[in-house]
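Structure, as structure tokens:
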Amino acid sequence: RNTQRTQSFQISSLRNADFSVENVVSQFFARDNFDYYAALVHEIPSRIDLQWGQTYLNILTAPIPRAIYPDKPLVDDSSVARQLIMPKASGGRPVGTIGVLFMNWHVPGVIFGMIFLGVMHRAAYQYLQNNPGSRTAALIYIVLFLHGITLTSASLIYLMQMALMLAITLWIIRDRR
């Protein structure tokens, strides 16, 4: 019964949806933070220096408490981007993989970073295909698939945490051969 109600709601909401070009484009750009990308492209490298990988190196300081390291650099890419573009504002908006790559290495960084990302996705899929009966391969692929492989610092920190938890879990329930 609930399924029928949900399906009819989804269908009726699609019938009433505004699929005009203006609405679709504005929704795409609003969700993708296009204005933030535009600010990054406009400001880097003319007014703001390229980060040259500093946003990734900042990950190394993440485990250190601010009580011990008060001048610890920002770890989250969105906060770094906000500090660069709007230094007096607080919080941050995600800039995604493309924004982070651009912020660090400009257009070549985006090109090579996306190629690297494609290779990583392919390698994860190939590992699963080469190990069809392996629970370990399936678990690794599921974690990567559910979270996605991206090149933002928040994503990399999350993947490191998941890798640690996955390693501990696999060690506890390791395959008995």
In Å, rounded to the nearest 0.5 Å, how long is the span from [atom1] of [X] to [atom2] of [Y]?
X	Y	atom1	atom2	result
Met162	Ser155	CE	OG	11.5 Å
Arg122	Gln129	CZ	CD	8.0 Å
Thr152	Asp76	OG1	CG	8.0 Å

Without swapping roles, check the side chain of [X] against the backbone of [Y] for a donor-acceptor pair under 3.5 Å.
X	Y	answer
Glu43	Val41	no
Thr97	Thr150	no
Ser153	Asp77	yes

Only counting residues at least two apart or in another chain, list the ones meeting side-chain contact (heavy atoms from CB on, under 4.5 Å) with Ile68.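 Scan of Ile68 (side-chain contact (heavy atoms from CB on, under 4.5 Å), adjacent residues dropped) gives Ile64, Pro65.
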
Sequence neighbours left out, what pairs pass side chain to side chain donor-acceptor pair (under 3.5 Å) with at least one residue falling in residues 55-66?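 Passing the test, one end in residues 55-66: Gln54-Asn58, Thr55-Asn104.
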
Going hydrophobic residue to hydrophobic residue with side-chain gaps under 4.5 angstrom, can you get from [X] over to [Y]?
X	Y	result
Ile173	Leu164	yes
Val107	Leu40	yes
Ile59	Leu57	no
Phe102	Ile115	yes

Apply the test side-chain contact (heavy atoms from CB on, under 4.5 Å) to residues Leu151 and Val100: give CA-CA distance (whole Å), side-chain angles for both, the deciding distance (0.1 Å), then the verdict. CA-CA 8 Å; Leu151 298 176; Val100 172; 5.9 Å; no

Evaluate the side-chain contact (heavy atoms from CB on, under 4.5 Å) criterion for residues Tyr141 and Tyr127: first the C-alpha distance (whole Å), next the side-chain angles of each, then the deciding distance (0.1 Å), finally the verdict. CA-CA 8 Å; Tyr141 190 74; Tyr127 181 71; over 6 Å; no

Find out whether Leu50 and His106 are in side-chain contact, i.e. whether some heavy atom of one side chain is under 4.5 Å from a heavy atom of the other.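 The answer is yes; the side chains approach within 4.5 Å.
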
Do other residues, nucleotides or ligands put more than 12 heavy atoms under 6.0 Å from the CD1 atom of Ile98?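 Count not over threshold, so no.
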
Measuring centre to centre across the rings, with the benzene-like ring taken for any Trp, is His121 within less than 6.0 Å of Tyr125?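 Ring centroids of His121 and Tyr125 are no less than 6.0 Å from each other.
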
